Number of protein chains: 2
Amino acid sequence: MEHPQSQELLSMHANLCQAIADPTRIALLYELGDGPKHVSQLLETLDLPQATVSRHLKVLRERSLVKTQRDGPFVYYELADRRILDALNIMRAIHTDILSRHHQLIQSTEE
Amino acid sequence: MEHPQSQELLSMHANLCQAIADPTRIALLYELGDGPKHVSQLLETLDLPQATVSRHLKVLRERSLVKTQRDGPFVYYELADRRILDALNIMRAIHTDILSRHHQLIQSTEE
DNA sequence: TCAACATATTCGCTTATCCGGATATGTTGA
DNA sequence: TCAACATATCCGGATAAGCGAATATGTTGA
């Protein structure tokens with residue numbers, strides 16, 4: 001298999017991956033997996049300062065991972081592409097496996 | 001759908017995603033998608049300083065995304081879990097779609 | 001044992017990212 | 001129009017991530 005990619009494309013690819021490299025943003029994306037929500041709703045479940053959530057939403061917006069829609073005073077955020085959840089789930093599955101493998105290692109060392 | 005995750009797990013998840021948030025590491029992972037390669041082979045295709053590649057490989061190693069095997073003077077690197085390619089491909093597909101959507105926007109604005 | 005090659009690490013520096021608090025902007029109903 | 005609420009941005013300062021150059025470690029064959 002060939003994977004020739006320009007430095008430029010690689011950078012942009014990495015930039016997109018950067019968006020999911022933060023715990024708050026991962027939580028936001030999973031929250032939005034349930035459907036569109038406005039900022040106050042997100043604040044409720046995440047329990048973080050409003051400025052913090054807004055800043056992270058901006059990162060997701062800038063990278064086009066979410067889209068927004070204003071409804072009166074509220075701004076609803078929505079996933080722009082649900083495949084982002086697939087990517088996150090794969091990463092989580094890999095992570096789970098790594099953890100359980102480490103766990104096994106520790107177990108077998110202890111006995 | 002429920003996604004209750006402890007802050008701790010979210011951090012670790014993010015930490016794993018962090019690994020793919022760099023163009024050099026993405027390139028390395030795709031290179032290793034072809035099969036195990038030693039550092040000099042990776043240097044050839046990536047055309048980067050040896051220290052740089054070694055540092056990035058260390059990041060991947062620390063997060064258990066790659067495993068190593070020494071063969072004489074060479075250290076072979078190999079993907080620990082090929083699903084990482086699936087995750088990367090999804091991110092790339094999302095990125096491609098974003099780009100083409102932007103492109104369409106520009107086109108329709110110009111006309 | 002030692003020169004030569006393969007790989008890893010350290011150092012000093014620059015740049016990026018994250019945060020909380022304060023403040024600004026946008027929107028509504030009275 | 002203005003108070004009240006929703007959201008976004010700005011400002012420092014702290015922490016982390018990136019880099020190149022130099023150096024250290026590991027391995028081999030002579």
Side-chain angles (χ1 to χ4, degrees), chain A residues 7-8 10-29 31-32 35-80, chain B residues 7-8 10-29 31-32 35-80:
Chain A
Q7 188 56 45
E8 174 69 8
L10 275 174
S11 275
M12 299 172 78
H13 190 174
N15 189 262
L16 191 63
C17 292
Q18 177 77 22
I20 60 169
D22 177 276
T24 300
R25 292 197 291 271
I26 292 176
L28 281 170
L29 290 168
E31 275 304 313
L32 293 176
K37 295 186 180 172
H38 59 71
V39 182
S40 299
Q41 289 176 312
L42 295 169
L43 282 178
E44 253 179 66
T45 41
L46 293 201
D47 193 36
L48 285 171
Q50 181 264 325
T52 300
V53 170
S54 208
R55 238 185 303 106
H56 284 295
L57 285 171
K58 181 182 190 168
V59 173
L60 298 175
R61 218 188 318 131
E62 284 171 345
R63 285 160 175 78
S64 304
L65 286 176
V66 298
K67 48 189 179 186
T68 62
Q69 192 173 359
R70 185 178 270 279
D71 181 12
F74 302 104
V75 176
Y76 281 84
Y77 280 77
E78 180 180 1
L79 292 184
Chain B
Q7 188 55 49
E8 174 69 9
L10 275 173
S11 274
M12 297 172 80
H13 190 174
N15 188 262
L16 191 63
C17 291
Q18 176 76 22
I20 61 170
D22 178 277
T24 300
R25 291 197 292 270
I26 292 176
L28 282 170
L29 290 168
E31 274 305 313
L32 293 176
K37 294 185 181 174
H38 59 72
V39 182
S40 299
Q41 288 176 313
L42 295 168
L43 282 177
E44 253 178 68
T45 42
L46 294 201
D47 194 35
L48 286 171
Q50 180 262 326
T52 299
V53 171
S54 208
R55 244 185 298 107
H56 284 295
L57 286 171
K58 181 183 190 167
V59 173
L60 297 175
R61 221 188 316 130
E62 285 171 344
R63 285 160 175 79
S64 304
L65 286 176
V66 298
K67 48 189 178 184
T68 61
Q69 193 174 359
R70 185 176 269 280
D71 181 12
F74 302 105
V75 175
Y76 281 85
Y77 280 77
E78 180 181 1
L79 293 184

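This is a predicted model, so every value here is computed, not measured. Every chain is numbered from 1, with letters handed out A, B, ... down the list of sequences.
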Is the phosphate of [N] approached by [X] (side-chain N or O, under 4.0 Å from OP1 or OP2)?
X	N	result
A/Ser40	D/dT7	yes
A/Tyr76	D/dT7	no
B/His38	C/dA6	no

If I take atom [atom1] in residue [X] and atom [atom2] in nucleotide [N], what distance separates them, rounded to the nearest angstrom?
X	N	atom1	atom2	answer
B/Leu57	C/dA8	CG	C1'	10 Å
A/Leu42	D/dA8	CG	C1'	15 Å
A/Gln41	D/dA6	CD	C1'	12 Å
A/Leu46	C/dC18	CG	C1'	16 Å
A/Leu60	C/dT17	CG	P	14 Å
B/Tyr77	C/dT7	OH	C1'	8 Å
A/Leu28	D/dT7	CG	C1'	14 Å
A/Gln69	D/dA6	CD	P	19 Å

Quiz item: Does atom CD of B/Gln69 have more than 12 heavy-atom neighbours, drawn from other residues, nucleotides or ligands, at distances under 6.0 Å?
Solution: no
With a 3.5 Å distance limit and no angle check, can you tell me whether [X] reaches the backbone of [Y] through a side-chain donor-acceptor pair?
X	Y	value
A/Arg63	A/Asn15	yes
A/Glu62	A/Val59	no
B/Arg25	B/Ala19	yes

Considering all heavy atoms of both residues, which atom of [X] and which atom of [Y] are nearest to each other, and what is their separation?
X	Y	value
B/Ala80	B/Ser64	CB-O, 3.3 Å
A/Gln41	A/Pro36	OE1-O, 4.5 Å
A/Val66	A/Leu57	CG2-O, 4.3 Å
A/Arg61	A/Ser54	NH2-O, 4.4 Å

Quiz prompt | Rounded distance [0.5 Å steps], CG in B/Asp47 versus CG in B/Leu43 | solution = 9.0 Å
Quiz item: Base, backbone or nothing for each nucleotide of nucleotides 16-30 of chain D, written B, S, -, heavy atoms under 4.0 angstrom, 5' to 3'?
Solution: --SBBBB---SSS--
Exercise. Among C/dA8, D/dT7, C/dT7, find the nucleotide with the atom closest to the side chain of A/Phe74.
Key: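 Nearest to the side-chain atoms of A/Phe74, counting from C-beta on, is D/dT7.
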Practice problem: Under 3.5 Å for both distances, Watson-Crick or G-U wobble, that's the pair rule; now give the dot-bracket for DNA chain D, with | marking pairs to another strand and [ ] for crossing ones. | Solution: ||||||||||||||||||||||||||||||
